[in-house]
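These notes are about the structure you will find just below.
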Amino acid sequence: MGAAMPASWSESLERDGYCVIPDVLPSSVLAALEADLESDFIQTPLGDGDFYGYRTKRFGSLLRRSEHAARLVMEPTVLGIANSILSGACERIQLNVAQAIEIHPGEIEQFPHCDHDMWSGAKGEHEYLVNVIWPLSRFTKFNGATRIYPGTHRIQITSLEQLGEPVVAECDPGSAICFLGSTVHGAGANLSHDVRRAIVIGYSLGWLKPYENPWLAYPPEIAKTFGPELAGLAGYAQHRPNLGNFEGQCPSILLKDSVPAYPRATDALRPDQQEAVHEFARSRRAVA
Ligand SMILES: O=C(O)CCC(=O)C(=O)O
Ligand SMILES: [Fe+2]
C-alpha cells in the first residue's frame with residue numbers, strides 16, 4: 001500500500017505528535033544512500049556526551065556526501081507535511097538538519113527530549129520543527145528504534161515521571177518516522193549485536209537559527225550543484241523581510257556564474273510591508 005495523502009498524515013501528526021508512514025521511498029534509495037555513506041560511517045568517531053551518546057556516531061552535511069540525500073530532503077509527502085505544520089508561522093521553511101546516526105551495540109537509551117528545546121522562544125503557540133527519521137537499518141525494539149511519547153506535544157513535561165509508555169517506531173527502510181519539535185522522543189537502547197543506522201532530516205521555521213549551519217555545510221561551490229528549491233531550503237533564500245540577506249541581496253546570487261562586486265541592496269518585503277512602506281514613502285515625497 002502506498003503512502004496516504006499528506007493531509008491525513010499531517011492530521012495524525014497534529015493529533016498524536018508523530019506518525020510513521022510506510023513505503024514512502026523505495027528501499028533501494030536508502031540502500032544507495034547507505035552505500036555512499038559507508039566510508040563516512042567507518043571513519044567517523046563515536047560521539048562524546050550523554051545526549052549524543054558515547055556509543056553513537058553522527059555526521060551531517062549529507063547533501064554533499066551523497067546525491068541520494070536530496071531524495072529524502074525533497075520527498076514530496078514529508079515536505080508537504082512539514083509545510084502544512086510550519087507554514088502558518090513562517091514565510092518559508094528551511095532545512096534544519098541532515099544527519100546520519102549510527103547506534104552501536106551496548107548504547108543506552110537516549111534521554112527523552114523535545115527537539116524544539118534548542119530554541120528558547122515561547123512555546124505552545126505554533127510548532128518550530130518537524131523531524132523525519134529515515135531508517136537505513138530495520139528498526140526494532142531491540143536495536144534502538146526511536147521511542148516516541150504520543151500526546152506529549154500537548155502537555156508541559158517537567159519531569160520524566162510524567163511520561164507514559166512510548167510507541168517504539170519499529171519499521172523498515174523506506175518508512176518515514178515523523179514527529180513534531182514539541183513531541184518527547186529519544187533513541188532506544190541498542191541491545192542487539194548490530195549497528196542501528198538512520199538519517200534524520202529536519203525542517204524548521206525559516207526565521208530560526210538552524211541546528212546545522214547550512215552555509216558551512218554547503219558553501220556556494222557545493223550549493224551551486226543543487227536545484228533552486230533545494231538551495232533555498234539549505235540557506236540560499238531570504239526570509240522576508242530581508243532576513244538572511246547577503247549584501248542586501250538574496251544569497252542565491254552567490255550561486256550564479258557571476259556575482260556583482262557591488263550588489264545593489266534591494267528590499268525583500270512581504271506584500272503588506274511593501275505596501276505600507278511604499279505608501280509612507282509616497283506621502284513623504286509628495287511634501288518634499
Ligand atoms: O536516533 C534516534 O532515534 C533519535 C535521535 C534524536 O532524537 C536526537 O538525536 O535528537
Ligand atoms: Fe531528538
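Because the structure is a prediction, the values reported are computed rather than measured. When a ligand or atom number is given, it counts from 1 through the structure's own listing order.
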**Q.** Nearest-contact summary for atom 7 (O) of ligand 1 - protein heavy atom, Å
**A.** H185 NE2, 2.9 Å
Q: Starting from the Fe ion (ligand 2), count all protein N, O or S atoms within a radius below 2.8 Å.
A: 3
Q: May I have the step-by-step check of side-chain hydrogen bond (donor to acceptor under 3.5 Å, both in side chains) for N190 and S192, ending in yes or no?
A: CA-CA 6 Å; N190 190 346; S192 79; 2.7 Å; yes
Q: Report the part of N131 in contact with ligand 1, treating N, CA, C, O as backbone and CB onward as side chain, heavy atoms under 4.0 Å; options are side chain, backbone, both, neither.
A: neither
Q: Considering only non-hydrogen protein atoms, determine which one is nearest to atom 5 (C) of ligand 1 and report residue, atom name and distance to 0.1 Å.
A: Q110 OE1, 3.5 Å
Q. Is R147 near ligand 1, meaning one of its heavy atoms is under 4.0 Å from it?
A. no
Q.
Which option wins on minimum heavy-atom distance to atom 1 (O) of ligand 1: Q99, M118, R58, R196?
A. R196
**Q.** F51 to ligand 1, any heavy atom closer than 4.0 Å
**A.** yes
(Q) Whether R197 engages the ring of F41 as a cation-pi pair (distance to the six-membered ring centre under 6.0 angstrom, angle to the ring normal within 45°) should be assessed. (A) yes
Q: Just jot down the ligand 1 atoms closer than 4.0 angstrom to any heavy atom of D115, in number order.
A: 10 (O)
Report all side-chain donor-acceptor pairs from residues 160-177 shorter than 3.5 Å, counting only partners two or more places apart or in another chain.
| residue | atom | partner | partner atom | Å |
| --- | --- | --- | --- | --- |
| Q162 | OE1 | T158 | N | 2.6 |
| Q162 | OE1 | T158 | OG1 | 2.9 |
| Q162 | OE1 | S159 | N | 2.9 |
| Q162 | NE2 | Q156 | O | 3.1 |
| E170 | OE2 | K141 | N | 2.8 |
| D172 | OD1 | R138 | NE | 2.6 |
| S175 | OG | D172 | O | 2.7 |

Q. Considering only the protein, which heavy-atom contact is closest to atom 3 (O) of ligand 1, and what is its distance?
A. T146 OG1, 2.6 Å
Q. Given the rule in the side-chain hydrogen bond (donor to acceptor under 3.5 Å, both in side chains) test, do H185 and D115 qualify, once you have shown the distances and angles that lead to the verdict?
A. CA-CA 8 Å; H185 67 280; D115 286 331; 3.2 Å; yes
Donor-acceptor list for residues 252-262 side chains, cut-off 3.5 Å, not counting sequence neighbours:
none

Q. What residues, two or more places apart in sequence or in another chain, satisfy salt bridge (Lys or Arg N to Asp or Glu O under 4.0 Å) together with E279?
A. R282
Q: Mark up the atoms of ligand 1 that fall under 4.0 Å of a heavy atom belonging to I133, in ascending order.
A: 2 (C), 3 (O), 4 (C)
Q. Can you tell me the protein heavy atom closest to atom 10 (O) of ligand 1 and the distance?
A. H113 NE2, 3.0 Å
